[in-house]
Amino acid sequence: MAVSWIFSFLFPLFCYFHSVTSQLLHFSTANLSTTWINSYLPLTVNFDDGSQVTPILSSGPSYACGFYCNGNCETYIFAIFIVYTGFPQVVWSANRNNPVRINAILQLTLGGNLVLRDADGTLVWSTNTNEKSVAGLKLTHLGNLVLFDVNNVTVWQSFDHPTDSLVLGQKLVSGQKLTASVSATNWTEGGLFSFSATNNGLIAFVESSPPQTYFESSIIGLNDSEASNYVMYLNGSLYLFTNSNDSLNPRILVSVPSESSIQYLKLEFDGRLKVYEFQDPYWKEVNDLVTGLYGECGYPMVCGRYGICSNEQCSCPISSSDSTNYFRQINDRQPNLGCSEITKMTCNDSKNHRYLELNDVNYFAFSADIIDTDMTTCKNACLRNCSCKAAFFRYGSNSSSGECYLPSEIFSLMNNEKDKTRYNSSAFVKVQNVKVQNETQPAVATRKRRVNGAIVGSVTGISILGIIIGCILFIFWKKRREDEVEEHYLDNMPGMPVRFSYDDLKSATENFSKKLGEGGFGSVFRGTLKDDTKIAVKCLDGIGKAKKSFLAEVETIGSIHHLSLVQLIGFCAEKSHRLLVYEFMSNGSLDKWIYPGNQEIVLDWKCRKKIIHDIAKGLAYLHDECRQKILHLDIKPQNILLDEKYDAKLSDFGLSKLIDRTQSKVVTTMRGTPGYLAPEWLNAVITEKVDVYSFGVVVLEILCGRKNFEPSEPEEQRLLMSLLKRKAEEGRLVDLIDKRSEDMQLYKEEVVDTMQVAAWCLQRDYTKRPSMSIVVMVIEGAVDVEKSLDYNFLMPQTISDINIIDSAPLLPSILSGPRTYLNGLQLRWSLKRMICTNTTLSCLS
């Protein structure tokens, strides 16, 4: 009965959809100057699985493209989907990282650029084909969205920008890859897995550092003349086409049953490579490529981190030599979620590291770090390397000669019963000796009881002296209690970095003798660890704000890693000492390289553009790719460090703010550095767009080679953003380019384009500023800059909000001085002084 009801509902819906695509949507091409609006039109179709489609182009009964949503339909993606059935299947999307809302606009401009804008006009995605002689847009019968010129030659195509799927007839060129989504319900790009074409085949990675391979299919023995042109999903299988064989004789890489109907391949969020086919009336999984080759236990996250997969069952590593448990399941009811360490490893306590030996246990990845070695040498090599999490040793009949793999990140392990005929394997997982940790607990408990007893005795005392002593002891106890709470918090924070002792860092820095500089809350010293790793040690001064800064820094970047973020190697929280240990950045902070000074090297345009790109990628990662959205709140050149290759990395997260992704705004006290603060700080209600504003100021300083406020300049040139406004109105932005660099003068057009990116980021209305992800796309040339920019950056919304109280000039420290926490009247007075006018330097309140 239920089935017949479903068919009675779906059949007319299915017929209606095909009626729409065959009658109202009989066209597969579109001309220039065509606009489509995502709104509830008769063309919109709702499906029983909760999805909704507003088709734009159709290529017959198989494929269509248009706006697609799945679920509550509050946001949409512009996608290509299979409409062969009553359940549309998305096989490509333009904006899976940046969904749009109802009334979003897709436009094929007169210049030949396909542009997607949100309902508020924000640029979300673009083909960036403005000057490429585009004549029109079409959707082919293979499901390929194509921009073509007057000669019908392809200018841009969706097949060149795959997402997580391949359709029949689609090529994957060497260097291209599929990227998994975060989860089954979160389609955002950023999952752990990728699937790439190489010169001689296919390879799938789990995106760790370095990447770990879990699937590989290649043709062995190809010479240079047979370099691969592409891999194609054809006739239900994956084929390698090389220069030495024609299209009638490709080499098969992965065999899949021939399709009986329409079919597509998808890299799932869990790393599985699945083939789906429509078998009336539903879509059905017909193949799982990795499972077919390696079995159910061959996936990196089949049992989560540190979990052991055996006969499709998950368990945690257990010591066979004693009864000590070093791991526990994250969720007892869901063992596939993996295991966590009961006691976190710390490098400053390496003498208490030991191995948990796991016999007949293998790992999905094995890339020999040491060859022709013995088991003892392999184990010792891991013990000497703090970043090494395990030692895997493979050998034949003789354990004195084998190969050693030392990964820095552990995913799922697997039982080795099936592979014992090929080789023997041993796994040694590094753990912290929990017994050593537990020995100190009675002493801690004794100290707590002693302090509590002193407090009770002092309270009950009747003499003045007793009361005074009691107060002193109470203050001491409160301080001790705060330290214990902090200790507990640090010990239980997931993904903690290395914990050092104060003596270790004192020795590493030669008693803090090599000072690199000073920051907002302390001094920074150069040092060297015992393994010759160069480090920078930041010693935080003060108690209240320093501790707050310390915890913010450890919590924010202690468990995240990105090439554009300075790595927090470790920390020290011992008595009153609060120290942070970073990777050493040999070229120091950005301000030393962009402001006029005595440096011998003036950065060229390529280097400055790379620095801007690095900063943008780092901020985009913090805003869009972390579990919680991270607001840095103190972006300025002093907090951007350069390594030996002049790669830029964000540092100093002491003022950062973590917010849930469900929050669009957050109320907080003012923090940051005057001169880089966005106007909305006046209301203390902020979004990640305050970082975008600060980024705009920094970009402007990089391009112009000067500070945003220069007291030595004539009055009309002191404020850089006022100067930017005037030059923009005159059409003379080139006048602002750093004149110290002859190379910058050779790339005037590119530099001016980047100035417009800065201007976009400086819009006084934060809703009109781009996201950092969009900024990255602009820098990479995938999206155009917003054209209708407001250059009145510093003017308040209404001048009546403020009253002139004097006309004294602002001090340089007001605009570019140290960062601060402000609140209440002080916040409004200080910030209004900075943003009140763009033509004078009056003090306003």
Side-chain angles (χ1 to χ4, degrees), residues 34-39 54 56 66-69 73-79 93-111 113-130 161 187-190 612 615-617 619-625 629 631 659 661-666 678-680 685-697 699 753-793 797:
T34 303
T35 299
W36 301 271
I37 300 177
N38 175 31
S39 58
T54 302
I56 289 172
F67 293 101
Y68 174 93
C69 76
C73 285
E74 293 181 354
T75 57
Y76 299 77
I77 56 175
F78 172 55
S93 58
N95 61 314
R96 61 172 171 163
N97 289 344
N98 298 286
V100 295
R101 294 163 290 177
I102 196 71
N103 293 322
I105 297 173
L106 181 74
Q107 183 179 33
L108 181 58
T109 67
L110 186 61
N113 198 17
L114 187 62
V115 177
L116 177 64
R117 296 182 183 274
D118 210 342
D120 62 0
T122 302
L123 183 64
V124 173
W125 172 84
S126 168
T127 55
N128 197 35
T129 49
N130 259 337
H161 307 274
W187 289 6
T188 303
E189 179 182 354
I612 293 169
I615 301 169
K617 288 191 293 185
L619 282 173
Y621 174 78
L622 294 175
H623 293 174
D624 299 328
E625 299 179 37
K629 188 182 297 184
L631 280 57
I659 63 174
R661 295 209 162 272
T662 55
Q663 294 178 271
S664 59
K665 301 178 181 179
V666 64
E680 57 266 29
V685 179
I686 62 165
T687 68
E688 67 275 14
K689 295 298 180 69
V690 296
D691 282 346
V692 178
Y693 183 92
S694 302
F695 170 80
V697 178
V699 171
D753 288 343
T754 309
M755 278 187 195
Q756 292 174 335
V757 176
W760 193 10
C761 295
L762 291 169
Q763 299 297 289
R764 60 181 175 176
D765 181 354
Y766 73 88
T767 63
K768 293 183 179 179
R769 296 174 208 151
S771 68
M772 288 310 304
S773 296
I774 292 295
V775 172
V776 172
M777 294 171 68
V778 172
I779 295 171
E780 293 174 349
V783 173
D784 292 333
V785 179
E786 174 64 44
K787 298 301 181 185
S788 55
L789 296 176
D790 180 6
Y791 284 89
N792 292 306
F793 309 115
Q797 298 291 339

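The figures here come from the full heavy-atom set of this structure, side chains too, leaving out hydrogens, waters and symmetry mates.
Considering T34, V115, T35, L114 as possible partners of L106, the one that fulfils the side-chain contact (heavy atoms from CB on, under 4.5 Å) test is L114. Screening N38, L116, V124 against F78 for a side-chain contact (heavy atoms from CB on, under 4.5 Å) leaves a single residue, L116.
Taking 4.5 Å as the limit, some side-chain heavy atom of V100 sits within range of a side-chain heavy atom of N95. Counting heavy atoms from C-beta outward, Y76 and I102 have side chains that approach closer than 4.5 Å. Between L622 and L631, every side-chain heavy-atom pair lies at or beyond the 4.5 Å cut-off. At a threshold of 4.5 Å between non-hydrogen side-chain atoms, the residues M777 and W125 count as touching.
Between the CD1 atom of I774 and the CD1 atom of I779 there is a distance of 11.5 Å, given to the nearest 0.5 Å. With values rounded to the nearest 0.5 angstrom, L762 atom CG is found 12.0 Å from M755 atom CE. Atoms CH2 and NZ, on W760 and K787 in that order, are 10.0 Å from each other to the nearest 0.5 Å. To the nearest 0.5 Å, the span separating OG on S788 from NZ on K768 amounts to 7.5 Å. Taking CG of N98 as the start and CD of E189 as the end, the distance is 10.5 Å to the nearest 0.5 Å. With rounding to the nearest 0.5 Å, the separation of CG in L619 from OG in S771 is 11.0 Å.
Side-chain N or O atoms of Q763 include one that pairs as donor or acceptor with a backbone N or O of D790 at under 3.5 Å. Remark: side-chain polar atoms of D118 are not paired, donor with acceptor, to backbone N or O of A104 under 3.5 angstrom. Between the side chain of K689 and the backbone N or O of R769 there is at least one donor-acceptor pair closer than 3.5 Å.
Side-chain contact annotation: N97 with D624, donor-acceptor N/O pair under 3.5 Å absent.
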- request: Report the C-alpha separation of E780 and K617 in whole Å, then their side-chain angles, then the decisive distance to 0.1 Å, and conclude whether the salt bridge (Lys or Arg N to Asp or Glu O under 4.0 Å) test is met.
  value: CA-CA 11 Å; E780 293 174 349; K617 288 191 293 185; 5.8 Å; no
| message | Assess the residue pair F695 and Y693 against the criterion (ring-ring contact (aromatic ring centres under 6.0 Å, His included)); give the C-alpha distance rounded to whole Å, side-chain angles, the decisive distance to 0.1 Å, and a yes or no. | response | CA-CA 5 Å; F695 170 80; Y693 183 92; over 10 Å; no
Check against side-chain contact (heavy atoms from CB on, under 4.5 Å), T754 and V699 | CA-CA 8 Å; T754 309; V699 171; 4.0 Å; yes
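Across G696 and A758, no two heavy atoms sit closer than the pair O-CB, 3.6 Å. The minimum heavy-atom distance between L123 and V783, with the atom names listed, is CD2-CG1, 2.7 Å. Among all heavy-atom pairs drawn from L789 and A759, the shortest one is CD1-CB, 4.0 Å. Heavy-atom minimum distance, R96 versus W187: CD-O, 3.3 Å.
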